[in-house]
Amino acid sequence: MRINESTCLSQKLNGAISIRALKRFVADRDTGTWKRFSKKLPPTGKKVAIVGSGPAGLTAGYYLAKAGHSVTIFEALGKAGGMMRVGIPDYRLPKDILDSEINVIRSAGVQIKVNTRIESVDRLFKRGYEAVFLALGAHRGMTLGIKGEDHPDVIDGAAFLKNVNSGIQVDPGESVAVIGGGNTAIDSARTALRLGAKKVHIVYRRGRTEMPASDDEIEAAIQEGVAMTFLAAPVRIGKRNNKINVTCIRMKLGKMDESGRRRPVPVEGSEFSAVYDRIIVAIGQTPDIPDAFGIETNADNTLQVDRNTLAAVRQGVWAGGDAVTGPATVIEAIAAGRKAAAAIDRYLGGKGNIDEKLTRARRSVEPAEACCPDKTRIEIPSLAPEQRMGNFHETELGLTEPSAVEESNRCLHCGDGITARCRYACPAGINVPLYVHFIKKGRYDDALAVIREKVPFPGVLGRICTAPCEQACTGCAMCVPYCPMNAIGADGKVKKAVQIDLDECTDCGVCFRANVCPVDALVDEAHCWPRSVRAAFSNPLVEHKETRVPGRGTEEVKTNEVTGQFRKGYVGVTAEMGRPGVGVRFRDVQKVAQALARAKVVFAPNNPVTRLMTDSATGQLNKDILNEKVCSAMIETTSPIGNLPLVIKEIRKVARQIDSVFSLTISTRLDEDGMAPCRKILDELDIPLYINGKMNVGLGRPLFKEESK
């Protein structure tokens, strides 16, 4: 199998749909029609306290108030909005837009008390509040941990933006260095230019493709004159002629780290120096949780919660947003606010159903009649770079009506809009194909209503949403669920098209025969598509020189993005369930996952099954998917080699309880003597191996039950 690049969606569309810009288009044309269908339940007499007025806190407050509860939001700052107000400059998010949408939340009955810092959860309960939602955000900047960073002209990026956005006079000096590569770093650099800095230089320890900041913001900063040095990091800070001397070292990218990016490694003897008036450190933020809260925290000071309900260990307390995840996106914080509101409503005696229908137009979205291969992504009009200096006017100007309709017409509505990947890419659950369809038909009120059904901030999202749904549009990924070997992937983080991993593809043809590709990009040419090999010892046709086991995956160090690289002394344990034509239910997957959890394995964080877990400590999967049936599933874990007997013991217990085709694959490094340590343990346990291209432990049900007779 292969993907025909000439007809692949990302090539045909020449860029994702501008979903964020279309959100802003309808939000800017809000006529208030959606309010006719907005309802508020009768008062319940229950009181809820929310600490923090950022997107998570405001969202939770809005939906809890509409559920009939009495909601009070406590904000330590002088105005509501959290990091939306103090962390995002006006040129990206005008504060009149933010104020307008906060007023909608107030009109729902939410009381917001500003200049009110909460230091104790106990006091809130004593004041009669029956539930508390902690949405404090992550406002405390992280430090570099190098000599000299306590210099008074070295400032924190989040604090710098907070002061500017709060109206405090800030002089950046003529030359500024910004350390970091996220949106806070980009915003700090662009803000410094607007305040009069003549030279602004971003220093980032990885390359541009690894920068967590959005591409649009990076490009805008470059257009405005921000210089960037990649693969460099500061090692010490000193003084030179009343200025700050920064010594940096060159970096190179090494092996993958826990973030899925290649780890920067210093290059010995490559130090260089530069002088600046001001250094802005923007390498991340952490929550600042008062000790008196008495809530369990993680090593990074984020709050510990149940991922399914956002409930803290302490009864009556929930938490969400950046205080739980660390710095994330506004749409992710809104999603957390929705999840917490539903859980709190159930706790207070409600049904937990916070959804509402703000338009009566509910219909399936018809696919496009004809594709438009010559249409490229609409360029969002913006101020010229020279018009941006010395002011904080909004840089993006928004789409015109003809442009918005033209852009919406580029949507192919893959899967008739029902199974479209972009529909499920939005953390808050906005039905993307439906509102894009309404824009195409000129029904802007209905489009806005679809967005407002899930979020109270359509105008904000239309300006600052990082739009994972746009990343999903770079390839519809309709074929991904049909691959029994998990060989088809679409990595939105690096904005690649859908790709087939030829080392994992078995040329079974399931994806091709499923006939789900809307532009016929999948091509069945197995006979002329050579299989690549990683190295001689993993060639499917060559036996391993010590184990005599043929095939890829045998006694090798796996380096794919899911499992990561195994450390010496550890074993990779992969449970594969299901085969083409023999579906597996997630209930069986959970049984195996729970068996592995009892064996104290570490689940690979990027594995699809891990992502479906509500609790990786127990192997518990999300209840909503337990009855779903899929072609296959793969659970990837790591564990100390000495723990392998316990893994085998737990898997043996559960193997007879499942009906799915099931195999256990192991993968390790060789010992220094060239022997396979796992093979030794398995021989001692008298565990047979199935030699079928992988090192499969002989456990679980065979493909057909007749084989077991």
Side-chain angles (χ1 to χ4, degrees), residues 27 30-82 84-85 96-116 118 121 124-125 127-136 310 316-321 330 333-359 428 448-449 451-461:
D30 185 359
T31 63
T33 304
W34 60 273
K35 295 179 182 179
R36 293 181 300 171
F37 302 101
S38 182
K39 297 179 181 180
K40 182 178 178 180
L41 297 180
T44 63
K46 306 291 186 179
K47 294 176 61 178
V48 181
I50 297 176
V51 184
S53 68
L58 289 169
T59 299
Y62 177 71
Y63 289 109
L64 286 169
K66 290 174 72 66
H69 307 302
S70 175
V71 179
T72 303
I73 296 179
F74 299 94
E75 172 55 57
L77 301 176
K79 290 187 177 181
M84 291 187 297
R85 183 175 297 279
D96 59 332
I97 299 296
L98 178 61
D99 289 335
S100 174
E101 299 193 335
I102 290 177
N103 286 337
V104 171
I105 293 172
R106 281 194 169 102
S107 67
V110 178
Q111 183 181 10
I112 303 176
K113 293 186 177 182
V114 298
N115 294 314
T116 307
I118 300 299
V121 173
L124 293 175
F125 285 125
R127 291 165 60 178
Y129 293 102
E130 295 162 85
V132 176
F133 179 50
L134 303 178
L136 298 92
L310 299 186
V317 179
W318 288 259
V330 170
I334 290 173
R338 285 181 55 85
K339 181 182 289 187
I344 293 171
D345 181 52
R346 286 192 295 269
Y347 176 78
L348 297 177
K351 296 181 179 179
N353 182 12
I354 62 173
D355 287 333
E356 55 183 349
K357 301 298 183 185
L358 300 179
T359 173
L448 177 61
I451 300 171
R452 275 203 172 274
E453 286 175 354
K454 297 295 185 180
V455 302
F457 301 105
V460 170
L461 290 182

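Because the structure is a prediction, the values reported are computed rather than measured.
Looking at Arg85 and Asp99, a side-chain N of the basic residue comes within less than 4.0 Å of a carboxylate O on the acidic one, giving a salt bridge.
Closest non-hydrogen pair, Val132 versus Leu134, comes out as CG1-CD2, 3.7 Å. Shown here for Phe37 and Lys357, the closest heavy-atom pair between the two residues is CB-O, 3.6 Å. The shortest non-hydrogen separation linking Gly109 to Ala65 is C-CB, 4.4 Å. When all heavy atoms of Gly61 and Val110 are compared, the closest pair comes out as O-CG2, 3.2 Å. In terms of heavy-atom proximity, Phe133 sits nearest to Ala319 at CE1-C, 3.4 Å. When every heavy atom of Trp318 is checked against every heavy atom of Ala343, the shortest pair comes out as NE1-CB, 3.7 Å.
A salt bridge (Lys or Arg N to Asp or Glu O under 4.0 Å) with Glu356 holds for exactly one of Lys66, Lys35, Lys39, Lys40; it is Lys66. The one candidate from Val460, Val330, Thr59, Ile334 that meets the side-chain contact (heavy atoms from CB on, under 4.5 Å) condition with Val455 is Ile334.
Taking NE2 from His69 and CG from Leu41, the interatomic distance works out to 8.5 Å, rounded to the nearest 0.5 Å. Summarising the geometry, atom NZ belonging to Lys454 is positioned 10.5 Å from atom CG belonging to Leu358; distances are rounded to the nearest 0.5 Å. Between the CD1 atom of Ile344 and the CG atom of Leu64 there is a distance of 5.0 Å, given to the nearest 0.5 Å. In this structure, Lys47 NZ and Leu348 CG are separated by 12.5 Å, a value rounded to the nearest 0.5 Å. One finds the OH atom of Tyr63 at 9.0 Å from the CD1 atom of Ile105 (value rounded to the nearest 0.5 Å). Atoms CG and OG1, from Leu448 and Thr31 in turn, are 7.5 Å apart once rounded to the nearest 0.5 Å.
With a 4.5 Å cut-off on side-chain heavy atoms, Ile102 and Ile112 count as touching. The shortest distance between side-chain heavy atoms of Ser70 and Gln111 does not fall below 4.5 Å. Put simply, the side chain of Arg452 reaches to within 4.5 Å of the side chain of Val104, judged on heavy atoms.
No donor-acceptor distance shorter than 3.5 angstrom exists from the side chain of Ser100 to the backbone of Leu98, with no hydrogens or angles considered.
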Could you give the side-chain donor-acceptor pairs of residues 49-58 under 3.5 Å, partners two or more places apart or in another chain?
unit_1: Ser53; atom_1: OG; unit_2: Glu75; atom_2: OE1; d: 2.6
unit_1: Ser53; atom_1: OG; unit_2: Gly81; atom_2: N; d: 3.0

Exercise. Any chance you could lay out the salt bridge (charged side-chain N to carboxylate O under 4.0 Å, His left out) test for Lys46 and Asp345, step after step, and finish with the verdict?
Key: CA-CA 10 Å; Lys46 306 291 186 179; Asp345 181 52; over 6 Å; no
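A cation-pi arrangement is not found for Lys113 relative to Phe74, the charged atom failing to lie both closer than 6.0 Å to the ring centre and inside a 45° cone about the ring normal.
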